[in-house]
S.K.: 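This is the structure I want to talk about, given as structure tokens.
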Amino acid sequence: MTKSSLAAMFVLAMLGTAEAGGQEGSLGVGAEYGLRLTNAGIGFASMNYDAGAFHAGGFFAMADGGNDDDTLFGIGGRFYYHVHSTSMADFSVGGALGLLSVPPTGGPTGGDRQSQLYLEPGIQARVFVASNVALSFSAGLTLGLIDAQGFAIGGQTSGSAGFHYYFF
């Protein structure tokens with residue numbers, strides 16, 4: 001065996017295994033599509049911080065219907081604790097809290113804009129298709145807590161799918 005091949009084997013042996021997704025301290029930016037929290041089934045921009053044992057983040061949604069005063073705005077945050085993790089996926093329990101500004105539904109004179117607050121407890125699975133690219137799938141229950149007309153608690157099932165690119 002030559003000295004150069006022995007040196008090459010030594011260098012390769014010193015290299016660590018590649019880190020897979022869910023790396024602690026990473027920041028992910030991406031997009032998600034929600035079935036309920038965004039009220040109209042619209043997509044939203046999203047950012048996550050992965051802290052190792054959990055990940056937390058926020059989202060922003062905006063949809064314009066093309067008429068005066070019919071733009072929907074949404075903002076919120078989420079927290080998911082990793083119940084089980086592997087090198088390429090994790091399964092989490094947590095939820096999201098979102099605030100929506102919903103346009104009037106009855107036409108130009110059809111009422112006031114509503115401010116709605118939603119709480120979504122649920123589960124989330126993230127699959128890392130590359131070391132820093134994750135696909136996420138969430139499911140849970142949506143609880144509508146506050147709207148402009150008063151206080152109401154209602155619920156329905158919810159879900160979302162997302163894509164995030166993580167920066168190490």
Side-chain angles (χ1 to χ4, degrees), residues 8-64 71-102 114-147 152-168:
M9 287 175 44
F10 179 73
V11 169
L12 289 174
M14 295 302 290
L15 295 175
T17 56
E19 291 284 329
Q23 186 171 349
E24 184 175 346
S26 60
L27 184 67
V29 294
E32 298 184 46
Y33 182 81
L35 298 178
R36 178 61 189 150
L37 189 53
T38 56
N39 199 39
I42 63 173
F44 43 97
S46 175
M47 182 177 287
N48 284 334
Y49 174 74
D50 197 317
F54 66 89
H55 66 278
F59 52 88
F60 174 76
M62 186 174 89
D64 187 6
T71 303
L72 178 135
F73 297 100
I75 190 167
R78 71 173 67 85
F79 176 89
Y80 284 99
Y81 176 75
H82 302 163
V83 176
H84 186 263
S85 296
T86 68
S87 62
M88 296 299 287
D90 56 45
F91 179 78
S92 306
V93 175
L97 183 68
L99 178 65
L100 295 175
S101 176
V102 181
Q114 291 185 345
S115 296
Q116 301 174 347
L117 182 67
Y118 290 99
L119 176 65
E120 290 191 351
I123 58 174
Q124 183 179 71
R126 293 187 305 172
V127 177
F128 288 86
V129 296
S131 63
N132 63 335
V133 177
L135 301 177
S136 61
F137 304 94
S138 304
L141 180 67
T142 299
L143 302 173
L145 301 177
I146 299 173
D147 65 20
I153 296 179
Q156 73 180 54
T157 57
S158 65
S160 67
F163 166 87
H164 286 87
Y165 184 94
Y166 284 85
F167 296 93
F168 303 141

S.K.: Mind checking whether His55 and His82 have parallel, tilted or perpendicular rings, split at 30° and 60°?
M.R.: tilted
S.K.: Please find the pair of heavy atoms, one from Ala61 and one from Gly43, that lie closest to each other, and give the distance.
M.R.: CB-O, 4.0 Å
S.K.: List the steps and the verdict of side-chain contact (heavy atoms from CB on, under 4.5 Å) for Phe44 and Ile75.
M.R.: CA-CA 9 Å; Phe44 43 97; Ile75 190 167; over 6 Å; no
S.K.: Applying ring pair (Phe, Tyr, Trp, His ring centres under 6.0 Å), can you list everything that pairs with Tyr81, at least two apart in sequence or on another chain?
M.R.: none
S.K.: For the OG atom of Ser115 and the CZ atom of Phe73, what is their distance to the nearest 0.5 Å?
M.R.: 11.5 Å
S.K.: Given Asp50, which partner from the list Arg126, Gln23, His164 fulfils the side chain to side chain donor-acceptor pair (under 3.5 Å) test?
M.R.: Arg126
S.K.: Is the shortest heavy-atom distance from the side chain of Val133 to the side chain of Phe163 under 4.5 Å?
M.R.: yes
S.K.: Considering all heavy atoms of both residues, which atom of Phe59 and which atom of Gly77 are nearest to each other, and what is their separation?
M.R.: CE2-N, 3.7 Å
S.K.: Could you grab the distance from atom CZ of Phe54 to atom CG of Asn48, nearest 0.5 Å is fine?
M.R.: 11.5 Å
S.K.: Is it the case that Tyr118 and Glu120 place a side-chain donor and acceptor less than 3.5 Å from each other?
M.R.: no
S.K.: Nearest 0.5 Å, what's the OG-OH distance between Ser131 and Tyr166?
M.R.: 12.5 Å
S.K.: Which heavy atom in Ser46 sits nearest to a heavy atom in Glu32, and how many Å separate them?
M.R.: OG-OE2, 2.8 Å
S.K.: Report the distance from atom OH of Tyr49 to atom OG of Ser26, rounding to the nearest 0.5 Å.
M.R.: 8.0 Å
S.K.: Per the side-chain contact (heavy atoms from CB on, under 4.5 Å) rule, which among Leu143, Leu141, Ile146, Thr142 passes with Leu119?
M.R.: Leu143
S.K.: Check whether any side-chain heavy atom of Tyr165 lies under 4.5 Å from a side-chain heavy atom of Asn132, and answer yes or no.
M.R.: yes
S.K.: Which heavy atom of Glu24 sits nearest a heavy atom of Ala51, and at what distance?
M.R.: CG-O, 3.5 Å
S.K.: Can Gln114 and Leu100 be said to form a side-chain contact (heavy atoms from CB on, under 4.5 Å), step by step?
M.R.: CA-CA 8 Å; Gln114 291 185 345; Leu100 295 175; over 6 Å; no
S.K.: Looking at Gly122 and Tyr80, what are the two nearest heavy atoms and their distance?
M.R.: O-CE2, 3.9 Å
S.K.: Of all the heavy-atom pairs spanning Asp90 and Ser85, show the shortest one and how long it is.
M.R.: CB-OG, 3.5 Å
S.K.: Check whether any side-chain heavy atom of Ser138 sits under 4.5 Å from a side-chain heavy atom of Arg78, and report yes or no.
M.R.: no
